[in-house]
Amino acid sequence: MQQISELIEAKVLELFAIEARVDLTRPEEQYGDFATNIALQIAKQLNKNPREIADEIASSLHHDEIFKAEVAGPGFINITLSDQGLLRLANQETAKGREGAVVVIETNNPNPFKAMHIGHAFNSILGDTLANFLEASGAITHRVSYHGDIGLHVGKSMYSLLRFVEGDAGKLDTVRQEDRNSFISRMYAEGSQAYKEDPSAKAEIDELTKQSFTREDTLYSAVYQKVFDWSFEQIDINVARLGNKPIKRRFLESEAESSGVSMVRDNVPDVFQESDGALVFKGSEHGSFDNVFVSSRGTGLYAARDLGLIKLKNEQFHPRRSYIVTAEEQRSYFVGVIAAAELCLPDTNGQTLNISTGTVKLSTGKMSSRDGEVVEISWLFDQIAEAIRVRGGEPDEALIAGVLRYEFLKVRIGSDVVFDVNEAVSLQGNSGPYLQYAHARARSILSKKEPSTDQISELSEGERSLVRKISEYNVVVIRSIEELMPHHIANYLYELAQEFNRFYENNRVIDDGRQDVRLNLVNKYANTLKNGLDLLGIYAPESM
RNA sequence: GCGCCCGUAGCUCAGCGGAUAGAGCGUCUGUCUUCGGAACAGAAAGUCGGCGGUUCGAAUCCGUCCGGGCGUACCA
């Protein structure tokens, strides 16, 4: 493909003395394998009819044996490769645009002391997938996580927990392991409600929140530690169930806090200024908004912690790039935090990038969750498993994760995801299971007979369509990885699987006269699909 | 008010300077004694929010208006 572009560029230079950049696109199949609009682009400066220009270029290209060139429409040059040329294209390797660069990326950040919900799942899956992309492009990738182990949500949970244990932390042992998820979730919900409705509870919770920073009281500390451990046990389980790869280092807000607050103090008044007793960063001068980093009480706020976290990551990894995936409401906030960090730590300049996602909204369909506010991840797992069972399938973990991953990865990063459980769980059409099924089907054929020959001379129409689609893989993947936009791959893989299913309907493989050729193509297809699914972190099953 | 994001088929979304605007779901009609039907083929359905502009060419770029979301100092 690169050669074809260069060939045409050379012809344009030769015929018209113009140095132009020729971009090839993949047009609809009826037009050929590649197309370029170069004639339309240079028509004006040549003051010539674009079709004439296209004709000249096209006829000069005709000699080459690997393709034919035709002019169509207002002046497009459509290029069709020989079957051999197309097949060769289907075998290329992907490029390594980040070879050797050290990068850090947060791949999950649910908080302990409260339930993990669907929004956490979204960010986790996205972060993990982008980490796959970074790795695929050759970067030395460190997956990390970041969690809020201090603050108001801890106070709320501790309020209910201390009531539950009635002075004896040992009472927590009566909670069975399989109930811990919902137990933690209930404790938080109750504390949250009390905080809202009962002024005396609110005062108590504020006090318990302060204690989350120090944890000096022995009962508090014992309860805290136990539920902290449970929380991470559950977080690890749930994150793994999403299909995420393990993280290298877990960061906590408490450690980021101490690092961040001292950093802020050290940079007064150059970076931060005192205002009403608080330490403030004038983000409005840096494309953000003025924001308090250290409160007038002297405690670090969220921004100070994020600042400290940037420092900790830099010290530990010295990354070329550090990625933080968050919801869009934090977009402008992070512009400020990153600007402040770069002023305090000049060697982190250009290092930290905030990728902001849309929000997960719930459709108005039959969406039930215990408190009506959030959809807990464990509930969602159950719903998907049930849907698979209803269909007569085995709800193994890989399938469940595939449903969620694909649902979140198929939309462009930044746009909102309206999550409809019923639809996600329908397992039909443009869905994770469709792709997994399309893979299992192909592998099923291959398990009956192995492909032998790699000698393919001529392709039938249906075969050629499949090869044509396979040959698009590299371009799509390179673009997707470069832009860190998973949806390009997701959409491509769906089209690829559709193409295969079409092929499958009309082309008998085993015991057909063209068995050897077709086995080879099925093998190519299955490997291509698997590679793509691997990048998305979706398991490609041999059977299901 | 100011800043950022978004308005594409009934619904959910791709397409982000080019050839008749695509897909899934939903609706309607078919295929079906299957190398695994979680499939395939087809139909109906769109003033690409409105209006201007740039361009040989605009859903795509620019302006403006309308409509929605988020943010806008001691929450996270």
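Order of the sequence lines fixes the chain letters, A, B, ..., with proteins taken first and strands second; residue numbering starts at 1 for each chain.
- When atom types are taken as modelled, the side chain of A:Gln273 and the backbone of A:Pro269 share a donor-acceptor pair closer than 3.5 angstrom.
- The distance from atom OH of A:Tyr333 to atom P of B:rA76 is 9 Å, rounded to the nearest whole Å.
- Taking atom P in both B:rA58 and B:rG50, the straight-line distance is 15 Å, to the nearest Å.
- Phosphate contact (OP1/OP2 of B:rG15, side-chain N/O of A:Arg412, threshold under 4.0 Å): present.
- Only the C1' atoms considered, B:rG22 is 7 Å distant from B:rG15, to the nearest whole Å.
- Comparing B:rC13, B:rC74, B:rU72 against the side chain of A:Phe289 picks out B:rU72 as the nearest.
- Within 6.0 Å of NZ on A:Lys210 lie no more than 12 heavy atoms contributed by other residues, nucleotides or ligands.
- Comparing A:Glu394 and A:Val294 by the nucleotide of RNA chain B whose heavy atom lies nearest to each, the residue mapping closer to the 5' end is A:Glu394.
- A close approach under 4.0 Å does not occur between any side-chain nitrogen or oxygen of A:His153 and OP1 or OP2 of B:rC75.
- Residue A:Tyr437 places at least one side-chain N or O under 4.0 Å from the OP1 or OP2 atom of B:rA38.
- Residue A:Val411 is classed as a sugar-phosphate contact, given heavy-atom separations below 4.0 Å to backbone atoms only.
- Of the candidate nucleotides B:rA76, B:rG15, B:rG36, B:rG15 has the atom lying nearest to any side-chain atom of A:His487.
- Aromatic ring centroids of A:Tyr159 and A:Tyr195 lie 6.0 Å or more apart.
- Not a single donor-acceptor pair, N or O on each side, falls under 3.5 Å between the base of B:rG3 and the side chain of A:Ser332.
- Other residues, nucleotides and ligands place more than 12 heavy atoms under 6.0 Å from the CD atom of A:Glu386.
- A salt bridge does not link A:Arg464 to A:Glu29: none of the charged nitrogens lies less than 4.0 Å from a carboxylate oxygen.
- No donor-acceptor distance shorter than 3.5 angstrom exists from the side chain of A:Ser212 to the backbone of A:Leu208, with no hydrogens or angles considered.
- One P atom belongs to B:rA39, the other to B:rA76, and the distance between them is 47 Å to the nearest Å.
- Taking the side chain of A:Leu301 as heavy atoms from C-beta on, and the options B:rG36, B:rC13, B:rA76, the nearest nucleotide is B:rA76.
- Picking from B:rU12, B:rC35, B:rA39 the nucleotide with the shortest atom distance to the side chain of A:Asn501 gives B:rA39.
- Atom name P, nucleotides B:rA21 and B:rU47: the rounded distance is 13 Å, in whole Å.
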_Footprint string (nucleotides 18-29 of chain B, 5' to 3'): B base within contact, S backbone only, - free, heavy atoms under 4.0 Å_ = BBB--SSS----

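- Taking atom P in both B:rG7 and B:rC61, the straight-line distance is 10 Å, to the nearest Å.
- Evaluation of atom-type donor-acceptor distances gives a pair under 3.5 Å for the side chain of A:Ser275 against the base of B:rA73.
- Taking the centre and axis of the six-membered ring of A:Phe34, the NZ or CZ atom of A:Arg26 falls inside the cone set by 45° and 6.0 Å.
- Side chain of A:Ser157 to main chain of A:Phe113: a donor-acceptor pair is present (N/O by atom type, distance under 3.5 Å, no hydrogens or angles).
- Residue contacts shown for A:Arg502 are limited to sugar-phosphate atoms, with no base heavy atom under 4.0 Å away.
- For A:Phe76 and A:Tyr31, the ring centers are positioned 6.0 Å apart or more.
- Residue A:Ala43 is out of contact with every strand shown, counting any heavy-atom pair closer than 4.0 Å.
- With P as the reference atom, B:rG1 and B:rU60 are 26 Å apart, rounded to whole Å.
- Rounded to whole angstrom, the span from the NE2 atom of A:His488 across to the P atom of B:rA14 amounts to 10 Å.
- Counting any heavy atom pair closer than 4.0 Å across all strands shown, A:Asp306 reaches no nucleic acid atom.
- Pair assignment for B:rU47 gives none, since no Watson-Crick or G-U wobble pairing has each distance under 3.5 Å.
- Using P as the reference atom, B:rU55 and B:rA73 are 43 Å apart when rounded to the nearest Å.
- No engagement by A:Ala327 is indicated, since no non-hydrogen atom pair under 4.0 Å with the nucleic acid exists.
- Checking B:rG36, B:rC70, B:rC74 against every side-chain atom of A:Ser296, the shortest atom distance belongs to B:rC74.
- Exactly one of A:Lys530, A:Gln436, A:His439 qualifies for a side chain to side chain contact (heavy atoms under 4.5 Å, CB included) with A:Ile538. That residue is A:Gln436.
- Not one side-chain nitrogen or oxygen of A:Tyr195 sits closer than 4.0 Å to the OP1 or OP2 atom of B:rC75.
- Relative to the side chain of A:Lys44, the nucleotides B:rC56, B:rC16, B:rC35 differ in distance, and B:rC56 lies closest.
- Distance from the side chain of A:Val292 is smallest to B:rA73 among B:rA73, B:rA41, B:rA39.
- In this structure, the ring of A:Phe122 has its center less than 6.0 angstrom from the ring center of A:Phe408.
- Backbone-only contact: A:Val418 has heavy atoms under 4.0 Å from sugar-phosphate atoms and none from a base.
- Projected onto RNA chain B by closest heavy-atom contact, A:Thr359 and A:Leu399 fall at different nucleotides, the more 5' of which corresponds to A:Leu399.
- Taking a pair to require two hydrogen-bonding distances under 3.5 Å in either a Watson-Crick or a G-U wobble arrangement, B:rG10 pairs with B:rC25.
- Listed pair A:Arg305 / B:rC75 fails the phosphate criterion, with no side-chain N or O lying under 4.0 Å from OP1 or OP2.
- A:Glu253 comes within contact range of the sugar-phosphate backbone alone, with a heavy-atom separation under 4.0 Å but no base atom that close.
- Across B:rC75, B:rA39, B:rG36, the shortest atom-to-atom separation from the side chain of A:Tyr504 is found for B:rG36.
- In this model, the phosphate group of B:rG71 is not approached by any side-chain N or O of A:Arg331 to a distance below 4.0 Å at OP1 or OP2.
- A:Asp512 comes within contact range of no nucleotide atom at all, as no heavy-atom separation falls under 4.0 Å.
- The residue A:Glu542 sits close to a base: some heavy atom pair falls under 4.0 Å.
- Base pairing of B:rG1 is made with B:rU72, judged by Watson-Crick or G-U wobble geometry with both donor-acceptor distances under 3.5 Å.
- B:rG18 is paired with B:rC56 under the criterion used here, namely a Watson-Crick or G-U wobble arrangement in which both key atom distances are under 3.5 Å.
- Contacts of A:Arg514 with the nucleic acid, taken as non-hydrogen atoms under 4.0 Å apart, are absent.
- A distance of about 14 Å separates the P atoms of B:rA19 and B:rG57, rounded to the whole Å.
- When the side-chain nitrogen and oxygen atoms of A:Ser415 are compared with OP1 and OP2 of B:rA14, one or more of them lie within a distance under 4.0 Å.
- At whole-Å resolution of the value, NE2 in A:His286 and P in B:rG71 are 23 Å apart.
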